[in-house]
Novice: 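Below is one structure. I have some questions about it.
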Amino acid sequence: MLAEPATDNFSRETVKKIIRENGAIGNLELDIGKKRKVNTIYIEADEDHVPLQNGKNKEMKLIYVYDNKTKINKGRTKLENVRYFTGEMNPEDLWTEVATYLDEAYDLDLVEDIFIAGDGANWIKSGLEIINGSKYVLDHYHLSKYVKIITAHLDSLENPIYIDEPLWNYMKAGNKKCTMEIINFAIEETPIKSKRESMKRAKRYISNNWEGIKNLFGEKKYRCSAEGHISHILSSRLSSRPMGWSVIGADEMARMRVYKANGGSIKEYYRNTRSERKREKRILELDEKMINNVKRTYNNMDPDIMIDMPYISRTDGRWLKGMLKAHA
């Protein structure tokens with residue numbers, strides 16, 4: 001086997017050429033192994049906003065699945081049996097790949113709960129229609145952000161009001177009526193119109209995601225970590241640096257990073273892909289060589305002899321005639 005040159009010697013154009021020649025890596029490329037038996041499956045989703053070469057941004061979606069968390073130290077946990085999914089594709093196709101993985105990786109008859117957590121985006125909620133029996137959870141980070149929109153200025157009013165604690169208590173208790181009433185009170189007490197409008201939008205967000213809030217504070221307390229995974233898997237390469245991507249390039253890079261995060265070797269993948277392409281090319285060359293040999297024999301044969309050849313004159317020989325005509 002030939003030694004591969006050091007990565008440092010690869011120019012950006014060389015890397016781009018290698019990736020384009022071998023195509024994007026599929027989310028289901030890696031082996032799954034034996035079906036696992038668990039009670040709960042967690043699915044979390046978010047997106048990165050990737051800057052494009054045309055000055056616009058493109059959402060690059062990330063979904064990951066795991067079945068348990070292990071505490072490593074204070075503030076840090078490890079996701080057990082985590083599997084990532086990404087790609088420039090419509091949400092239905094992406095969620096279908098996730099559903100395929102779940103079916104192959106888990107004994108779903110034993111699973112009691114499947115949670116889908118995210119920021120309330122429609123594409124994330126659409127997973128509920130594809131993942132059977134799943135429940136939506138609004139992640140705590142985004143809920144906190146909208147609560148702050150409602151409450152952050154209230155203690156600086158001429159007549160300060162303090163609703164943070166009762167607001168959180170009502171949401172944790174699943175009391176939507178009291179939650180909406182206390183938000184309405186805060187809106188009425190806010191004198192600045194523009195601020196009231198932003199508070200109303202935050203109220204709609206909380207109302208539209210109420211089922212996810214109930215599941216967030218349900219019997220199984222849920223803590224979503226999607227923001228950190230987006231940063232580590234996608235943003236650190238795609239959006240945190242001053243560069244512009246093509247849609248194809250962003251898709252290929254996102255898939256490479258997910259493949260590596262799933263435990264795959266990029267070097268091995270492209271080596272195997274090149275070997276497979278060479279093998280297929282060799283097969284085609286041998287087929288072409290065989291056909292050319294048959295053609296030469298056919299063209300040099302005495303026509304009087306060919307008339308009496310049964311495999312040419314009978315129906316069974318039509319495959320040979322067709323092949324020879326196709327390559328004439």
Novice: Can you list the residues that meet the ring-ring contact (aromatic ring centres under 6.0 Å, His included) rule with Tyr146, with sequence neighbours excluded?
Specialist: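 Tyr146: ring-ring contact (aromatic ring centres under 6.0 Å, His included) contacts with Tyr205.
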Novice: Please list, chain by chain and in numerical order, all residues satisfying side chain to side chain contact (heavy atoms under 4.5 Å, CB included) with Asn122, sequence neighbours excluded.
Specialist: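 Asn122 satisfies side chain to side chain contact (heavy atoms under 4.5 Å, CB included) with no other residue.
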Novice: Any idea which heavy atoms bring Ile116 and Ser134 closest together, and the distance?
Specialist: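 Heavy atoms of Ile116 and Ser134 come nearest at CD1-OG, 3.6 Å.
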Novice: Rounded to the nearest 0.5 Å, what's the gap from CD1 on Ile130 to CG on Leu102? Could you check?
Specialist: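 Separation between the atoms: 11.5 Å.
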Novice: Do the side chain of Asp48 and the main chain of Val50 share a donor and acceptor less than 3.5 angstrom apart?
Specialist: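 Pair absent, no side-chain N/O of Asp48 close to backbone of Val50.
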Novice: Looking only at heavy atoms, what is the nearest atom pair of Ala186 and Ile150, with distance?
Specialist: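 Closest pair (atom of Ala186, atom of Ile150, distance): CB-CG2, 4.4 Å.
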Novice: What residues form a salt bridge (charged side-chain N to carboxylate O under 4.0 Å, His left out) with Glu104, not counting sequence neighbours?
Specialist: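 Checked Glu104 against salt bridge (charged side-chain N to carboxylate O under 4.0 Å, His left out); zero matches.
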Novice: With no hydrogens and no angle check, do the side chains of Ser236 and His232 hold a donor and an acceptor under 3.5 Å apart?
Specialist: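 No pair is found: no donor N or O on one side chain lies under 3.5 Å from an acceptor on the other.
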Novice: With sequence neighbours excluded, what pairs up with Ala173 under the side chain to side chain contact (heavy atoms under 4.5 Å, CB included) test?
Specialist: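 Scan of Ala173 (side chain to side chain contact (heavy atoms under 4.5 Å, CB included), adjacent residues dropped) gives none.
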Novice: Sequence neighbours left out, what passes ring-ring contact (aromatic ring centres under 6.0 Å, His included) with Tyr106? Give chain and number order.
Specialist: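 Residues passing ring-ring contact (aromatic ring centres under 6.0 Å, His included) with Tyr106: none at all.
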Novice: Could I get the full list of side-chain hydrogen bond (donor to acceptor under 3.5 Å, both in side chains) partners for Arg237, not counting sequence neighbours?
Specialist: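 If we apply the side-chain hydrogen bond (donor to acceptor under 3.5 Å, both in side chains) test to Arg237, skipping adjacent residues, there are no hits.
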Novice: For the atom pair CD1 (Ile149) and NZ (Lys200), what is the distance rounded to the nearest 0.5 Å?
Specialist: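 Between atom CD1 of Ile149 and atom NZ of Lys200 there are 15.0 Å.
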Novice: Residues in salt bridge (charged side-chain N to carboxylate O under 4.0 Å, His left out) with Lys135, at least two apart?
Specialist: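 By the salt bridge (charged side-chain N to carboxylate O under 4.0 Å, His left out) rule, Lys135 matches Asp113.
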Novice: Name the residue from Glu80, Lys78, Glu44, Arg83 that meets the side-chain hydrogen bond (donor to acceptor under 3.5 Å, both in side chains) definition with Tyr66.
Specialist: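 When side-chain hydrogen bond (donor to acceptor under 3.5 Å, both in side chains) is applied between Tyr66 and each of Glu80, Lys78, Glu44, Arg83, only Glu44 qualifies.
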Novice: Not counting sequence neighbours, which residues clear salt bridge (charged side-chain N to carboxylate O under 4.0 Å, His left out) with Glu211? List them please.
Specialist: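 Scan of Glu211 (salt bridge (charged side-chain N to carboxylate O under 4.0 Å, His left out), adjacent residues dropped) gives Lys214.
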Novice: Please determine whether side chain to side chain contact (heavy atoms under 4.5 Å, CB included) holds for the pair Glu29 and Tyr259, giving the CA-CA distance in whole Å, both sets of side-chain angles, and the decisive distance to 0.1 Å.
Specialist: CA-CA 8 Å; Glu29 287 287 342; Tyr259 185 77; 3.9 Å; yes
Novice: Between Tyr101 and Phe85 (judged by ring centroids, cut-off 6.0 Å), do the two rings come close enough to count as a pair?
Specialist: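 So the answer is yes for these two rings.
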Novice: Not counting sequence neighbours, which residues clear side chain to side chain contact (heavy atoms under 4.5 Å, CB included) with Thr190? List them please.
Specialist: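 Once residues adjacent in sequence are excluded, the partners of Thr190 under the side chain to side chain contact (heavy atoms under 4.5 Å, CB included) criterion are His153, Leu154, Lys195, Arg196, Met199.
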Novice: Backbone N or O of Gly33 within a donor-acceptor pair of the Asp31 side chain at under 3.5 Å?
Specialist: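 Pair absent, no side-chain N/O of Asp31 close to backbone of Gly33.
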Novice: If you compare all heavy atoms of Leu138 against all heavy atoms of Gly120, which two are closest, and at what distance to 0.1 Å?
Specialist: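 What the structure gives for the nearest pair is CD1-N, 4.0 Å.
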Novice: Could you give the side-chain donor-acceptor pairs of residues 89-97 under 3.5 Å, partners two or more places apart or in another chain?
Specialist:
from: Asn90; atom 1: OD1; to: Glu92; atom 2: N; distance (Å): 3.1
from: Asn90; atom 1: OD1; to: Asp93; atom 2: N; distance (Å): 2.8
from: Asn90; atom 1: ND2; to: Asp93; atom 2: OD2; distance (Å): 2.9
from: Trp95; atom 1: NE1; to: Trp123; atom 2: O; distance (Å): 2.9
from: Thr96; atom 1: OG1; to: Glu92; atom 2: O; distance (Å): 2.7
from: Glu97; atom 1: OE1; to: Asn27; atom 2: ND2; distance (Å): 2.7

Novice: Counting only pairs under 3.5 Å, give me each side-chain donor-acceptor contact of residues 174-183, with atom names and distances, residues two or more places apart or in other chains.
Specialist:
from: Asn175; atom 1: OD1; to: Lys177; atom 2: N; distance (Å): 3.4
from: Asn175; atom 1: OD1; to: Cys178; atom 2: N; distance (Å): 3.0
from: Lys176; atom 1: NZ; to: Ser207; atom 2: OG; distance (Å): 3.4
from: Lys177; atom 1: NZ; to: Glu181; atom 2: OE2; distance (Å): 2.7
from: Thr179; atom 1: OG1; to: Asn175; atom 2: O; distance (Å): 2.7

Novice: Mind checking the CG-CG spacing from Leu62 to Leu234? Nearest 0.5 Å is all I need.
Specialist: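 Going from the CG atom of Leu62 to the CG atom of Leu234 covers 5.0 Å.
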Novice: Angle class for the Trp168/His140 ring planes (parallel below 30°, perpendicular above 60°, tilted otherwise)?
Specialist: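 The rings of Trp168 and His140 lie parallel, inter-plane angle below 30°.
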Novice: Excluding sequence neighbours, so at least two apart, what forms ring-ring contact (aromatic ring centres under 6.0 Å, His included) with Trp210?
Specialist: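 Trp210 satisfies ring-ring contact (aromatic ring centres under 6.0 Å, His included) with no residue once adjacent residues are dropped.
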